[in-house]
Amino acid sequence: MEEARNWSVAVIGAGPAGLFAADALVKRGAAVDVYEGGFAPYGLVRYGVAPDHQKIKKTQLAFEKILRKSRVRLFANVKIGHDVSVGELRERYDQVVVAVGSPGARTMHIPGENLPGSVSATEFVNWYNGSPDSRDSVFDLSARRAVIVGMGNVAIDVARILVRERGELATTDIAPRALECLRRSKIEEVVLFARRGPNQAAFDIKEVRELASLAGVSVGVSGYVSKRPTKMSEFIAGLPRTEDLPRDGKRVVLHFCQSPKAILGEESVVGIKTERNHLVESALRMKPVGSGEFTEHEAGLVVRSIGYEGQPLEGVPFQYDTASVPHEKGRVLERSDGKPVPGLYVAGWIKRGPTGLIGTNKACSIETVESMEADLDQVGPLRDASAPGCLLRERGVRFLDLEDWLALDAAELKRGKASGCVRRKFADADEALAFLGRPSRGAASGNI
Ligand code: NAP
């Protein structure tokens, strides 16, 4: 038991996967330091979940409980790979878990993708959620129609935010400048394109039902509608055809079996060209096959919502074809067919790819922690990770601990209450540090 108490672990990333791992680790006797690049913990719960889904955002409270455990410490605003390297963490801790998620966005590899007005859902989601990564983002919502490529839950979130009644958004924690821009939006129609049919749609039926029930919004369907009866295809088939939608109010169109071929425009986006697909049964999945029939659709904004993408972290092997870290039950491998890297583990989206809900990360992190526990006899002399704050202070890293974060959290809630909404987030680390009365550059911070 004495030895288990000294088992020291660094977790990189304070999102759901990192915090589920921290929880499972302390339950098994480890002492855990959680490093987070941003000034705030909770990853996609804070900056991914849509602001009008406050019930899901409340899972933050369960994650806060994990951070409050006596053997968990938070080091926020520490950029691993910049302020401290993964190698330095491996020297100081018995084991290190990488749980950095998939912060990038997949690309379609079609002409015009980089035109102004062609954006990733990741940028758009960061923007409406007030992520510091979106400080410079500007979206032009002055056209009548927006297009979203992809039909996953993120695509539904983006569509809902574009059409939802602004008063309903105003009470959430949506970023004020996003709300301001949405208030001026001229978008009346949002078209979502899926390259396959309703039975292959990646969104959950609950999400599309919510979209179809929004006040002042009608949802219609275009393109192929599956004959194979499933709950999803029956729901979709029950929606009006696009041509039958009422003329007034906002509209969302689910257009199936269309692949994006080019984003149109010279200086900025004016539309998108798609090709109609047939679906062909193949061994693994229904495959979309182009019919040679192309259509140009007018649009002033094209949001590609075709999935998040993992990014490499220096000092951690990376498999570019899957944009994830090669692993065997959470043990990081040198290559996908290589040996394990001693003491290095992985959890969450960067381990298994960007799929699943918040809760899916729990089983994923527990699998990793079980491997870590099984490997404890290979750890060698246990290391003293009692004072990582010294290294950070020596380097002038302005890190924040749990006490700091709780003060920021309380202030955000208070600011929200004063302006009639759930929460008003600090825009970035500088604003958060200024609130805490910390020096703007260098020198010590944190209480550890
Ligand atoms: P996703 O579920 O993987 O959906 C991606 C969509 O993009 C699919 O429709 C896919 O179609 C399409 N796609 C991929 N590559 C394409 C291409 N080159 N051209 C055209 N279409 C393409 O991704 P996501 O929506 O980003 O969601 C990520 C994860 O977060 C999911 O597990 C999701 O459930 C979860 N999430 C949940 C919620 C919620 O519960 N409310 C909210 C947000 C996110 P194909 O199937 O044809 O490849």
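Since we're looking at a predicted model, the values are computed, not measured. The residues of the chain are indexed from 1 along the displayed sequence. Remember, it's 1-based here, ligands and their atoms both numbered in the order they're listed.
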| field | ligand 1 contacted by Pro354 (non-hydrogen, < 4.0 Å) | value | yes

| message | Is the distance between the ring centroids of Phe193 and Phe256 under 6.0 Å? | response | no

| note | The closest protein heavy-atom partner of atom 22 (C) of ligand 1 is Ile306 CG2, 3.4 Å

| field | Identity and distance of the protein heavy atom lying nearest atom 11 (O) of ligand 1 | value | Arg195 NE, 3.9 Å

| remark: The atoms of ligand 1 lying under 4.0 Å from a heavy atom of Thr355, numbered in the order shown, are 32 (O)

| field | Aromatic ring pairing Tyr320/Phe318, orientation class (parallel under 30°, perpendicular over 60°, tilted between) | value | perpendicular

| task | Answer yes when Asp244 and Arg241 have at least one side-chain N-carboxylate O distance shorter than 4.0 Å, and no when they do not. | result | no

| query | Taking the minimum heavy-atom distance to atom 24 (P) of ligand 1, which of Thr360, Ile110, Val154 ranks first? | reply | Val154

| field | Identity and separation of the nearest protein heavy atom to atom 36 (N) of ligand 1 | value | Asn153 CB, 3.7 Å

| query | Judged by non-hydrogen atoms, does Arg285 sit under 4.0 Å from ligand 1? | reply | yes

| query | Can Asp173 and Arg46 be counted as an ion pair, charged N to O under 4.0 angstrom? | reply | no

| message | At under 4.0 Å between heavy atoms, is it the side chain or the backbone of Met108 that contacts ligand 1, or both, or neither? | response | neither

| Taking the side chain from Lys329 and the backbone from Thr368, do they hold a donor-acceptor pair closer than 3.5 Å? | no

| task | Please state whether the rings of Phe39 and Trp405 are parallel, tilted or perpendicular, taking 30° and 60° as the class boundaries. | result | tilted

| request: Would you check the N or O atoms of Asp204, main chain and side chain alike, for any that come under 3.5 Å of an N or O of ligand 1? | output: no

| Is Met151 in contact with ligand 1, taking contact as a heavy-atom separation below 4.0 Å? | yes

| Residue pair Asn126, Arg135: steps toward the side chain to side chain donor-acceptor pair (under 3.5 Å) verdict | CA-CA 9 Å; Asn126 278 338; Arg135 261 171 318 200; over 6 Å; no

| request: For Ser305, counting its heavy atoms only, list the atoms of ligand 1 lying under 4.0 Å from any of them. | output: 5 (C), 6 (C), 7 (O)

| request: Only one of Asp404, Asp83, Asp430 passes salt bridge (charged side-chain N to carboxylate O under 4.0 Å, His left out) with Arg398; say which it is. | output: Asp430

| query | Got a donor-acceptor contact below 3.5 angstrom from the Ser305 side chain to the Gly150 backbone? | reply | no

| query | Does the side chain of Glu367 come under 3.5 Å of the side chain of His327 through a donor N or O and an acceptor N or O? | reply | no

| said: Can you report which non-hydrogen protein atom sits closest to atom 12 (C) of ligand 1, along with the distance? | reply: Gly150 CA, 4.0 Å

| side chain to side chain contact (heavy atoms under 4.5 Å, CB included), paired with Val252, selected from Val191, Leu245, Thr242, Leu192 | Leu192

| task | Mark the output for Ser259 as yes if a heavy-atom distance to ligand 1 is under 4.0 Å, and as no if none is. | result | no

| query | Can you find a side-chain donor-acceptor pair between Lys351 and Asn361 that sits under 3.5 Å? | reply | no

| field | Region of Asp157 engaging ligand 1 - heavy atom pairs below 4.0 Å | value | side chain

| said: Return the closest protein heavy atom for atom 31 (C) of ligand 1 as residue, atom name and distance. | reply: Gly356 N, 4.0 Å

| Any idea which protein heavy atom is nearest atom 46 (O) of ligand 1, and the distance to it? | Arg196 NH2, 2.8 Å

| Can a protein heavy atom be found under 4.0 Å away from atom 3 (O) of ligand 1? | no

| remark: Going by the 4.0 angstrom heavy-atom rule, the piece of Leu357 near ligand 1 is side chain

| message | Using a 4.0 Å cutoff against the non-hydrogen atoms of Trp349, which atoms of ligand 1 qualify? | response | 29 (C), 30 (O)

| Shortest protein contact, atom 1 (P) of ligand 1 (heavy atom only) | Ala202 CB, 4.2 Å

| task | If you have a sec, work out which protein heavy atom is nearest atom 23 (O) of ligand 1 and how many Å separate them, to one decimal? | result | Gly307 CA, 4.0 Å

Expected list for residues 290-298: side-chain donor-acceptor pairs under 3.5 angstrom, two or more places apart:
unit_1	atom_1	unit_2	atom_2	d
Ser291	OG	Arg276	O	2.8
Ser291	OG	Glu293	N	3.1
Glu293	OE1	Arg276	NE	3.1
Glu293	OE1	Arg276	NH2	3.1
Glu293	OE2	Arg276	NE	3.4
His297	NE2	Thr274	OG1	2.8

